[in-house]
Amino acid sequence: MNMAEVIKNEKVLRFIDESAALCNPDKIVLIDGSKEQRDALRAEACSTGEIIKLNEDLLPECYLHRTAVNDVARVEDRTFICCRNKDDAGPINNWMDPKEAYKMAGDIFKGSMKGRTMYVIPYSMGIVGSEFAKIGIELTDSIYVVLNMEIMTRVGLDVLEALGKDGDFVKGLHSKCTLDESKRYILHFPEDDTIWSCNSGYGGNVLLGKKCFALRIASYLGKNEGWMAEHMLILGFEKPDGDTKYIAAAFPSACGKTNLAMLIPPEIYRKKGYKIWTVGDDIAWIRVGADGRLWAMNPENGFFGVAPGTNEKSNPNALHTTQKGTIFTNVAHNLDNNTVWWEGLDKNPPKNAVDWKGNPWDDAAKAAGVKGAHPNSRFTAPAKNCPCISKAFDDPKGVPLSAIVFGGRRAKTAPLVYQSKGWDNGVFVGSIMASETTAAATGAVGVVRRDPMAMRPFCGYHMGDYFAHWIEMGKKVKNPPKIFNVNWFRLDDEGNFLWPGFGENMRVLEWIVKRCEEKVGAVETPIGYVPDPKDINLEDSGVSEATLKELLTVDKATWQKEADGIEEFYKQFGDRLPKELSAELAALKANLAK
Ligand code: OXD
Ligand code: MN
């Protein structure tokens with residue numbers, strides 16, 4: 001294929017030329033999104049051992065990949081925001097001067113694709129050609145990246161068509177290089193719409209459409225263009241009368257976002273006709289609609305979910321989603337039937353297996369406690385496989401939000417659910433989000449890690465300016481969503497979870513929706529509104545009224561300590577902390593002193 005005949009956009013051609021001059025690949029191949037090309041790439045990657053074809057009858061079109069043992073997760077300490085002014089990156093991000101970063105990484109990229117092919121992936125975040133979609137071009141020397149991008153985003157020649165002769169795009173350059181950890185860098189240049197990633201082959205570091213573009217670069221674009229890129233799932237809550245209310249929810253990593261997005265309601269709800277529909281499980285792009293509401297869309301096209309713990313009970317919808325056209329990364333390989341296995345899938349680990357490192361996983365290894373799958377092993381699965389995918393998934397407008405929900409993992413502090421007292425108070429609630437490491441056996445409370453809006457690792461600019469952007473957005477919406485906080489992880493004094501979680505979270509979602517519809521009252525506390533216990537449906541939940549009361553308590557002494565912690569946390573933002581948030585903190589303190 002003659003690249004210049006197909007690619008009409010000079011800026012794309014220049015980007016390819018400059019990157020090729022730097023990385024020196026033997027060949028350049030444009031990814032066209034066709035099945036023929038995909039099949040050929042799969043076959044090539046199978047022939048080199050990069051991926052393994054799984055049982056076609058049991059897992060059609062599914063593959064297994066193992067990353068290098070030193071390359072199994074996002075690397076926050078090697079992730080940088082490279083903007084000209086250091087202050088603009090803020091106190092939470094790592095910063096590098098863009099000139100230095102280009103020079104340093106340029107030396108690493110130099111000649112890195114020699115003997116390899118450079119693949120050119122044109123992809124769209126959002127529906128191709130829709131007014132809310134944004135386009136990226138990722139250049140990579142990894143077939144694994146190409147195949148994952150084809151699941152996670154919309155890839156193909158129609159993207160180049162939509163880009164047109166002059167359109168702008170996010171430039172992503174990735175090379176595995178030598179997978180040298182000491183030279184691994186994930187660099188973002190928000191002022192240049194550019195991402196450079198080197199020496200990694202792990203999803204979160206190399207599927208540049210996801211965290212790098214759709215959150216870090218997009219959050220910066222959103223600030224400048226008046227919209228928001230958030231680390232949020234989006235779900236539809238359908239009531240028996242067919243009316244569906246949409247909720248976006250932000251949780252730190254490993255708090256069950258994918259599970260909540262694909263929740264199956266308890267039987268008593270199913271019988272009445274309630275349903276949950278998945279619009280997205282990780283990222284929401286949010287804009288102000290002409291109707292004065294906030295509208296959210298999922299820019300992704302697949303799910304990059306954590307495998308361990310996913311099973312028929314915890315998330316049957318996710319499990320079902322992974323049964324076709326899926327790439328599994330770092331799970332155990334069941335050699336008996338050429339399928340996959342991970343801890344928490346079922347109680348029958350395969351007898352004849354290979355672990356995620358590629359070593360035989362025999363009785364001796366199991367007895368020694370060696371895990372079959374890495375704890376952060378993943379599935380990359382097409383969204384359209386999901387049994388509960390929302391019909392709004394393909395709607396370019398997205399969905400109107402009734403509620404925004406924040407959550408974290410707190411042993412004692414946060415009640416099961418509370419509602420903020422309005423937009424600014426809701427921004428405050430999001431800004432103080434936190435998770436604790438819990439020592440469940442003893443009930444001891446661990447270290448608090450503040451993770452504002454679950455964006456701590458993903459905000460592409462100064463977090464204080466990000467808070468200010470949230471406050472500004474509130475001024476633009478006539479009918480803002482109501483803002484809530486949930487905590488599925490509250491513990492009793494013995495360290496047991498008080499709330500069953502998973503599908504039972506439906507009971508809390510129901511209260512949230514009723515509050516949005518102004519169908520139930522609530523009890524005012526110093527931090528916001530909690531449910532009157534009678535308004536949470538406990539039928540068949542196994543939760544007693546006494547436990548629910550405990551779940552809903554707001555302890556003043558605990559919150560006074562929390563307020564001190566917030567004050568400390570806020571100090572680092574200096575004068576970039578919006579005055580609205582200092583006022584909210586002062587109001588909380590005053591409420592607690594009453
Ligand atoms: C993810 C994360 O991989 O948040 O989605 O870490
Ligand atoms: Mn995430």
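Remember, it's 1-based here, ligands and their atoms both numbered in the order they're listed.
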Exercise. Charged N to carboxylate O under 4.0 angstrom, Arg576 versus Asp465?
Worked result: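 A salt bridge links Arg576 with Asp465.
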
Exercise. Is any side-chain N of the basic residue among Asp355 and Lys357 closer than 4.0 Å to the acidic one's carboxylate O?
Worked result: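 Salt bridge: no.
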
Problem set entry | Residue from Tyr144, Tyr202, Tyr63 passing side-chain hydrogen bond (donor to acceptor under 3.5 Å, both in side chains) with Thr329 |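 Exactly one pass, corresponding to Tyr144.
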
For this session: Run the ring-centre check on Trp196 versus Phe109 and record whether the distance is less than 6.0 Å.
Result: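 Between Phe109 and Trp196, which both carry aromatic rings, the centre distance is below 6.0 Å.
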
Exercise. Between Trp356 and Trp342, is the ring centre distance below 6.0 Å?
Worked result: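 For Trp356 and Trp342, the ring centres are not under 6.0 Å apart.
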
In ligand 1, which numbered atoms sit nearer than 4.0 Å to a non-hydrogen atom of [X]?
X      : value
Ser253 : 2 (C), 4 (O), 6 (O)
His231 : 4 (O)
Asp282 : 5 (O)

Problem set entry | Option passing salt bridge (charged side-chain N to carboxylate O under 4.0 Å, His left out) with Glu61 (candidates Arg42, Arg38, Lys53) |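 Going through the options one by one, the only one that passes is Arg42.
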
Problem set entry | salt bridge (charged side-chain N to carboxylate O under 4.0 Å, His left out) partner of Arg450, the single match among Glu436, Glu568, Glu562 |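 Looking at Glu436, Glu568, Glu562, the match for Arg450 under the salt bridge (charged side-chain N to carboxylate O under 4.0 Å, His left out) is Glu562.
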
For this session: Could you verify whether a donor N or O on one side chain and an acceptor N or O on the other, from Asn315 and Thr310, lie under 3.5 Å apart?
Result: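 No, because no side-chain N or O of Asn315 sits under 3.5 Å from a partner of the opposite role on Thr310.
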
Exercise. Any idea how Trp470 and Phe406 line up, ring-wise: parallel (<30°), tilted (30 to 60°), or perpendicular (>60°)?
Worked result: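 Trp470 vs Phe406 ring planes: tilted.
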
Exercise. Heavy-atom contacts under 4.0 Å between Arg74 and ligand 1: side chain, backbone, both, or neither?
Worked result: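 For Arg74, only side-chain atoms sit under 4.0 Å from ligand 1.
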
Problem set entry | ligand 1-proximal atoms of Arg378, by part, heavy-atom distance under 4.0 Å |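 It is the side chain that gets close, since no backbone atom is under 4.0 Å.
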
Problem set entry | Neighbouring protein N, O or S atoms of the Mn ion (ligand 2) [cut-off: under 2.8 Å, no waters] |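 Protein N, O or S atoms closer than 2.8 Å to the Mn ion (ligand 2): Lys211 NZ, His231 NE2, Asp282 OD1.
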
For this session: Look at ligand 1 and say whether Lys211 reaches it with a heavy atom at a distance under 4.0 Å.
Result: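 Flag set, Lys211 near ligand 1.
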
